[in-house]
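The structure appears below as structure tokens.
Chain A is the first sequence line, chain B the second, and so forth, proteins listed ahead of strands; every chain is numbered from 1.
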Amino acid sequence: MLDADFFDRDTLLVARELVGKVLCRKLQGVWLKARLVETEAYMAREKASHGSLGLTPSRKALWAPPGTIYMYWSRAGDSMNTSTRGAGNGVLLKGAVPVFDEGELGRAQRALMHGLNPRRGGGRRPEHRLCAGQTLLCRSLGLTIAEWGGRPFDREALYLQDDGYRPAPLLAAPRLGIHPERDAHLPWRFLDGGNLRSVTKNPLSARGAREGVDWWVIDPQSGEVRR
DNA sequence: CCAAAGATGCGCT
DNA sequence: GCGCATCTTTGGG
């Protein structure tokens, strides 16, 4: 389990390193798992962040110790963040791929997650799109503001794990849904280039998207753009 | 009231 | 698989 020390570091470093980690959540006696393919960093000192809007009761988790869960209602549902080092800073868990075990356990995991997050008209989503979005991830793991907002991760019920997987290539891109005047240009969205069909929106497939302009390959050690 | 750190179906390729 | 219009719910002014 990633502990408080993991989160008590620079927000950009935490956001980068969270890509590829596994979010584990126990529900009805079954461990559900999803590997993060997409995160976004938000800092109180820039205008896109909720931290920059100031400390209110609903946002206080961003001021709580690193590794505290900050949840908020986005347009389409509940969204999950973790606080990091620095008052008002955090990382949004933006997309994932489900991880299923073999056999009977895997069947139970599939049934639970698809049941929690069915397609609108009923029926199943394609597996690679089940957690492809910040609210889809929360829905398919049964994560709500009421239950988890303001709490720390918990090895008995909800935690993040490093299972050795490393995204390759690691990509960076501007964050989604940010208005131009609110620091939209900052390339603080991090993606697993090997799982782009499971991200909210593939930054490489946008019309005219160019490396070095709309997206970058990042060296996972240094965090620098690869040249 | 209304902007907001989204999701969806639909038409097209 | 892509772009777009449309729908959604809530916190905060």
Side-chain angles (χ1 to χ4, degrees), chain A residues 11-12 14-16 18-19 34 36-63 68-84 86 88-98 113-114 116-141 143-150 172-191 193 195-210 214-215:
Chain A
T11 305
L12 294 178
V14 174
R16 246 174 21 229
L18 278 178
V19 178
L36 298 179
V37 299
E38 182 182 12
T39 66
E40 288 179 353
Y42 287 92
M43 307 246 211
R45 62 178 164 79
E46 45 89 12
K47 297 195 278 295
S49 69
H50 289 183
S52 70
L53 300 174
L55 203 170
T56 66
S58 63
R59 292 194 280 260
K60 68 181 181 199
L62 286 173
W63 278 261
T68 303
I69 295 163
Y70 165 57
M71 297 195 70
Y72 74 98
W73 184 272
S74 177
R75 284 175 273 188
D78 305 58
S79 302
M80 174 174 265
N81 302 243
T82 171
S83 67
T84 54
N89 296 342
V91 173
L92 170 62
L93 310 185
K94 200 166 170 61
V97 284
M113 290 179 70
H114 282 283
L116 287 162
N117 189 18
R119 224 170 32 183
R120 178 172 282 205
R124 294 190 167 197
R125 294 168 193 277
E127 195 163 295
H128 72 281
R129 300 299 297 175
L130 181 61
C131 312
Q134 64 202 50
T135 76
L136 300 178
L137 172 62
C138 288
R139 251 189 256 166
S140 41
L141 294 181
L143 301 169
T144 61
I145 301 172
E147 184 177 4
W148 289 103
R175 298 167 297 180
L176 295 178
I178 313 289
H179 280 236
E181 67 278 14
R182 293 196 318 152
D183 298 311
H185 62 286
L186 295 170
W188 289 357
R189 178 182 180 216
F190 300 98
L191 307 120
N195 275 299
L196 290 176
R197 64 183 199 148
S198 298
V199 304
T200 309
K201 194 174 177 215
N202 183 342
L204 277 62
S205 61
R207 184 186 69 81
R210 286 172 49 202
D214 303 290
W215 59 276

Would you please confirm or rule out a distance under 4.0 Å between OP1 or OP2 of [N] and any side-chain N or O of [X]?
| X | N | answer |
| --- | --- | --- |
| A:H179 | B:dA4 | yes |
| A:S58 | C:dG12 | yes |
| A:R125 | B:dT8 | yes |
| A:S205 | C:dC2 | yes |
| A:T56 | C:dG12 | yes |

[options]: which one has an atom nearest the side-chain heavy atoms of [X]?
| X | options | result |
| --- | --- | --- |
| A:R120 | B:dG9, C:dG11, C:dC2 | B:dG9 |
| A:H128 | C:dG1, B:dA4, B:dA7 | C:dG1 |
| A:R59 | B:dA4, B:dA5, C:dG12 | C:dG12 |

Expressed as a whole number of angstroms, how long is the span from [X]:[atom1] to [N]:[atom2]?
| X | N | atom1 | atom2 | value |
| --- | --- | --- | --- | --- |
| A:Y72 | C:dT10 | OH | P | 15 Å |
| A:L136 | B:dA5 | CG | P | 18 Å |
| A:K94 | B:dG6 | NZ | P | 5 Å |
| A:N202 | B:dA7 | CG | C1' | 17 Å |
| A:R75 | C:dA5 | CZ | P | 15 Å |
| A:R189 | B:dG6 | CZ | P | 10 Å |
| A:Y42 | B:dA4 | OH | C1' | 11 Å |
| A:L204 | C:dG1 | CG | P | 15 Å |

Indicate, with a heavy-atom threshold strictly under 4.0 Å, whether [X] touches base, sugar-phosphate, or nothing.
| X | value |
| --- | --- |
| A:H50 | base |
| A:R129 | nothing |
| A:L176 | sugar-phosphate |
| A:S79 | nothing |
| A:R207 | sugar-phosphate |

Hey, which sits more toward the 5' end of DNA chain B by its nearest nucleotide, A:R119 or A:Q134?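 Comparing both residues, the 5'-ward one is A:Q134.
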Which residue lies more 5' along DNA chain B, comparing A:P118 with A:E181 via nearest heavy atoms: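 It is A:E181 whose nearest nucleotide is closer to the 5' end.
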Tell me whether A:T82 contacts the main-chain N or O of A:V91 through its side chain, where contact means a donor paired with an acceptor under 3.5 Å.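 It does not hold such a pair.
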Under a 3.5 Å distance rule, please check whether A:N117 uses its side chain to pair with a backbone N or O of A:M113 as donor and acceptor.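 Looks like no, no N/O pair under 3.5 Å.
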Between [Y] and [X], is there a side-chain heavy-atom distance shorter than 4.5 Å?
| X | Y | value |
| --- | --- | --- |
| A:R197 | A:N202 | no |
| A:H128 | A:S198 | yes |
| A:L186 | A:R175 | yes |

Pairwise P distance, B:dA5 and C:dT6 [rounded to whole Å]: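 So the two P atoms sit 22 Å from each other.
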Between C:dT8 and B:dA3, how far is it from one C1' atom to the other, in whole Å?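 Their C1' atoms lie roughly 13 Å apart.
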Side chain to side chain contact (heavy atoms under 4.5 Å, CB included) evaluation trace for A:L137 with A:E38: CA-CA 11 Å; A:L137 172 62; A:E38 182 182 12; over 6 Å; no
Closest-nucleotide 5' rank along DNA chain C - winner of A:W73 and A:A206: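 First, find each residue's nearest nucleotide; the 5'-ward one identifies A:A206.
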Only one of A:Q134, A:R59, A:H50 forms a side-chain hydrogen bond (donor to acceptor under 3.5 Å, both in side chains) with A:Y72, so which one is it?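 The option that passes is A:Q134.
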Using Watson-Crick or G-U wobble geometry with both distances under 3.5 Å, which nucleotide pairs with B:dA5?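 B:dA5 is paired with nothing.
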